[in-house]
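Just so it is clear, the structure is predicted and the values come from calculations on it, not from any experiment. Values reported hereafter were calculated over all heavy atoms of this structure, with side chains retained and with hydrogens, waters and symmetry mates removed.
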Amino acid sequence: MSVVAGLAAFASPARAGGLGVGAGVVDVENAPESSLFLTGNIRFKLLGPINLEPEVGYWRETETVAVVERRSEDLSLGVNGLLVAPLHPIEIFAGAGLGAHFIDRSAGVAGLTSESDETRTGVHLLAGLDFKVSDTLNLFGAARRDSFGDDAEEPAQTKIYGGLRFKF
């Protein structure tokens, strides 16, 4: 029965997209601990199960050891292509995309600071699900991996996050 409902939803023009806001954790390879990750996106239904999702994300970490302080932050702007399978009351999604990561780093010792600002292109792989709360509100959860190719200077990022999606 749920398969029939899912197939019917593919053909349904009921809700064409939504605005998502969320928070979670980001684990950067070789970093000592995880950091808070904040995200926002707008999902647009294109054709059948194909969706387009422009997004913005942000995280920051600071580590202090004795008199040395190291700070990293990443503001990312990207777009993901998603396949969304509605299986009432959930939607399962998976996809990939690209993003510009504006990475700012600094390190300081006893008042002397070194800074670097870089823009890196990241490849995103993600999957998750939306749980329908009402006709206009979903709860969502996602897991994602951002990689930067063979760039040894930029470690990969693993993100696990959840939030609210306001349907329109």
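- Here CZ of R43 is found 9.5 Å from CG of N80. Values are rounded to the nearest 0.5 Å.
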Audit row: E69, R71, salt bridge (Lys or Arg N to Asp or Glu O under 4.0 Å) steps and yes/no = CA-CA 7 Å; E69 181 177 278; R71 182 185 53 80; 5.9 Å; no
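- Distance check, rounded to the nearest 0.5 Å: CG of L36 to CD of E61 gives 12.0 Å.
- Closest approach of A96 to L125, counting heavy atoms only: CB-CD2, 3.8 Å.
- Between the CG atom in D117 and the CG atom in D104 there is a gap of 4.5 Å [rounded to 0.5 Å].
- N51 places a side-chain N or O within donor-acceptor distance of the main-chain N or O of P49, the cut-off being under 3.5 Å.
- Side chains of Q157 and D74: a donor-acceptor N/O pair is present below 3.5 angstrom, by distance only.
- T119 and A100 make their closest contact through CG2-CB, 4.4 Å (heavy atoms, listed as atom of the first residue, atom of the second, distance).
- In this structure, E154 CD and H101 NE2 are separated by 8.5 Å, a value rounded to the nearest 0.5 Å.
- In this structure, the side chain of K132 does not engage the main chain of D135 through any donor-acceptor pair within 3.5 Å.
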task = Test side chain to side chain contact (heavy atoms under 4.5 Å, CB included) on H124 and L98 and set out the steps.
result = CA-CA 6 Å; H124 311 151; L98 294 173; 5.9 Å; no
request  = Go through the steps for E73 and W59 under the test side chain to side chain contact (heavy atoms under 4.5 Å, CB included), then give the verdict.
outcome  = CA-CA 6 Å; E73 66 183 286; W59 62 265; 5.6 Å; no
request  = Give the C-alpha distance, both sets of side-chain angles, the deciding distance and a yes or no for side chain to side chain contact (heavy atoms under 4.5 Å, CB included) between V21 and F166.
outcome  = CA-CA 9 Å; V21 292; F166 303 94; 4.2 Å; yes
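- Judged as a ring pair (Phe, Tyr, Trp, His ring centres under 6.0 Å), and not counting sequence neighbours, F93 has no contacts.
- Residues R105 and S72 approach most closely at CG-OG, 3.8 Å, considering heavy atoms.
- Although no hydrogens or angles enter the test, the distance criterion places a donor-acceptor pair under 3.5 Å between the side chain of T39 and the main chain of V56.
- Between T121 and F148, the shortest heavy-atom contact is O-CD2, 3.4 Å.
- Atom CD of E29 is surrounded by more than 12 heavy atoms from other residues, nucleotides or ligands within 6.0 Å.
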query = Should V79 and L52 be marked as a side chain to side chain contact (heavy atoms under 4.5 Å, CB included) after you check the CA-CA gap, both sets of side-chain angles, and the distance that decides it?
reply = CA-CA 7 Å; V79 64; L52 187 68; 3.5 Å; yes
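- In this structure, CG on N138 lies 11.0 Å from CD1 on I90, to the nearest 0.5 angstrom.
- Side-chain atoms of I50 and L83, non-hydrogen and from C-beta on, do get closer than 4.5 Å to each other.
- T158 and R145 share a donor-acceptor pair across their side chains, judged by distance under 3.5 Å alone.
- Relative to the ring axis of F140, R165 places its NZ or CZ within 45° and under 6.0 Å from the centre.
- Among all heavy-atom pairs drawn from F37 and V25, the shortest one is CB-C, 4.1 Å.
- The distance from the CG atom of D27 to the OG atom of S35 is 8.5 Å, given to the nearest 0.5 Å.
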